[in-house]
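Here is the structure we will look at, set down as structure tokens.
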2 protein chains.
Amino acid sequence: MASNDIPDIVISRLPVYLRALERLAQEDHEVTSSHELGKRLGISSAQIRKDLSHFGGFGKQGTGYKIAYLREQLRQVLKVEREWQVALIGAGDLGSAVARYRGFAERGFHITHVFDSSTEKIGRSLGTYRIQPIDQAPRILVEEEIRIAMIAVPAEYAQGVAEMLIAAGVRAILNYAPINLNVPPEVHVQYIDPVLHLQRMTYYLT
Amino acid sequence: MASNDIPDIVISRLPVYLRALERLAQEDHEVTSSHELGKRLGISSAQIRKDLSHFGGFGKQGTGYKIAYLREQLRQVLKVEREWQVALIGAGDLGSAVARYRGFAERGFHITHVFDSSTEKIGRSLGTYRIQPIDQAPRILVEEEIRIAMIAVPAEYAQGVAEMLIAAGVRAILNYAPINLNVPPEVHVQYIDPVLHLQRMTYYLT
DNA sequence: TAGATTGTTAATCGATTAACAATC
DNA sequence: TAGATTGTTAATCGATTAACAATC
């Protein structure tokens, strides 16, 4: 599979390009260039051209890139031209906030299942969905062929939850728990820990 | 200043090490090694030793690192041994969720100021603080010497808000708006856009 | 002492940038 | 045509890894 050759770091920049293109489209631009994109994103134009060239020639010499076309191509490369179902594990403070965030559904990621272990919370509604007992997650996730999940449980439970998800066929995990997960190589994990980002900046403050 | 020599990418890993050390301490470990840390984090032991060596020799041959000591050293390097005041701009859905998240204060980042432009929201309480009018932010941020801010406003206002913050002396911005910010080199920006992380993973799904 | 692990140097690996022919 | 910009190659730059002497 040729796509295996493409470095992770290139893939990680494509959503940033896509976001910029959608913004440009909103501002009624029709065409852009690697130079213009680079200036907006603080990235060199060479890097943008090189990244895109992994997937084909999307531009035209002399004129640049048609925004609508490049956007559609990137959507297909990233497999975000379709809608995805997402499971959310944990309906505490953090999980509730995640469930209420509208940005996911607006951009094609629908939280269709919410699980929690607390018997108090089960049956209550969160957003448009009812909270289900975590011990039913393995069965439901397999039945519904869910591939993407978000973890919003306390750190000490996160590894166990991840293992359950993986056994149930989940292959992409967005982890809000402030802890590193150990997973097999075919499973992808991304982390959200805003405190970590703050700590990356205080180093530079006087 | 020698610390200018240390690559950003090294700095960005230190909070991850710190988080792992705090976890180990919680589990009553007293000593660890680059090998053990690396296994937990999925990083090579050589990289951990190399990263730490930029700041001094924190370990002992044969025995490894004393967790309490290394943790304290990393806290000082990162300047997170102190408490920081943080301003939050935007008290909509996203801003409210951010303000309610307890993880910030627990780890030394206190949201002490919340600003919004909507006259409806001003004066209402969010968490422990009262929402203040955004047009007073420049004065207040300067007076209180706030250096860190979080942006949680719609994308189209984020750049303008960032410029206001920078003019008021803010030097570190955590941006929740899904847009790239252009800032001068002395200002640090980190981004939180969970959808972007999801899009980084769908590429690999079949 | 023997075993373990650090801190550091040198080698390797991979990513970014510069440059330019091709061409719209 | 002249100007602009791509896609790509080669050169540069920087980060990771391997290896090992030092030493606890």
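Numbers restart at 1 for each chain; the letters A, B, ... are given by sequence-line order, proteins then strands.
Here D:dC20 presents its P atom at 13 Å from CZ of B:Arg49, a figure rounded to the nearest Å. Following rounding to the nearest Å, B:Lys50 (NZ) and C:dG7 (P) show an atom-to-atom distance of 13 Å. In this structure, the NZ atom of A:Lys60 is 14 Å from the P atom of C:dT23, given to the nearest Å. In this structure, CD1 of A:Ile9 is placed 19 Å from P of C:dC13, rounded to the nearest angstrom. Atom NE2 of A:His54 is separated from atom P of C:dT16 by 10 Å (rounded to the nearest Å). Note: CD1 (B:Ile48) to C1' (D:dT17) measures 13 Å, nearest angstrom. When the P atom of C:dG7 is taken as reference, atom CZ of B:Phe55 falls 13 Å away, rounded to whole Å. Atom CG of B:Asp51 and atom P of C:dT8 are 13 Å apart (whole Å).
In terms of phosphate contacts, B:Gln47 brings a side-chain nitrogen or oxygen within less than 4.0 Å of OP1 or OP2 of D:dT16. A sub-4.0 Å separation between OP1 or OP2 of C:dG7 and a side-chain N or O of B:Tyr65 is present. A sub-4.0 Å separation between OP1 or OP2 of C:dT5 and a side-chain N or O of B:Ser34 is absent.
In this structure, A:Arg40 does not pair ionically with A:Glu36, as no charged nitrogen and carboxylate oxygen lie closer than 4.0 Å. With salt bridges taken as basic N to acidic carboxylate O contacts below 4.0 Å, none links B:Arg19 and B:Glu22.
Side chain of A:Asp116 to backbone of A:Lys121: no donor-acceptor contact under 3.5 angstrom is found.
Side chains of B:Glu83 and B:His110: a donor on one and an acceptor on the other come within 3.5 Å.
Here the shortest heavy-atom pairing between A:Leu126 and A:Gly95 reads CD2-O, 4.3 Å.
In terms of position on DNA chain C, the residue among B:Gly59 and A:Thr63 whose nearest nucleotide sits closer to the 5' end is B:Gly59. Each of A:Ile43 and A:Gly62 was assigned the nucleotide of DNA chain C with the nearest heavy atom; the assignment lying further toward the 5' end belongs to A:Ile43.
In this structure, D:dA15 and C:dT12 make a Watson-Crick or G-U wobble pair, each of the two defining distances being under 3.5 angstrom. Taking a pair to require two hydrogen-bonding distances under 3.5 Å in either a Watson-Crick or a G-U wobble arrangement, C:dC24 pairs with D:dG3.
In this structure, the nucleotide among C:dT17, C:dA22, C:dA15 sitting nearest to the side chain of A:Ser44 is C:dT17. Side-chain proximity of B:Pro7 to D:dA18, D:dA15, D:dG7: nearest is D:dA15. Which of D:dA15, C:dT8, C:dT5 sits closest to the side chain of B:Ser53 comes down to C:dT8.
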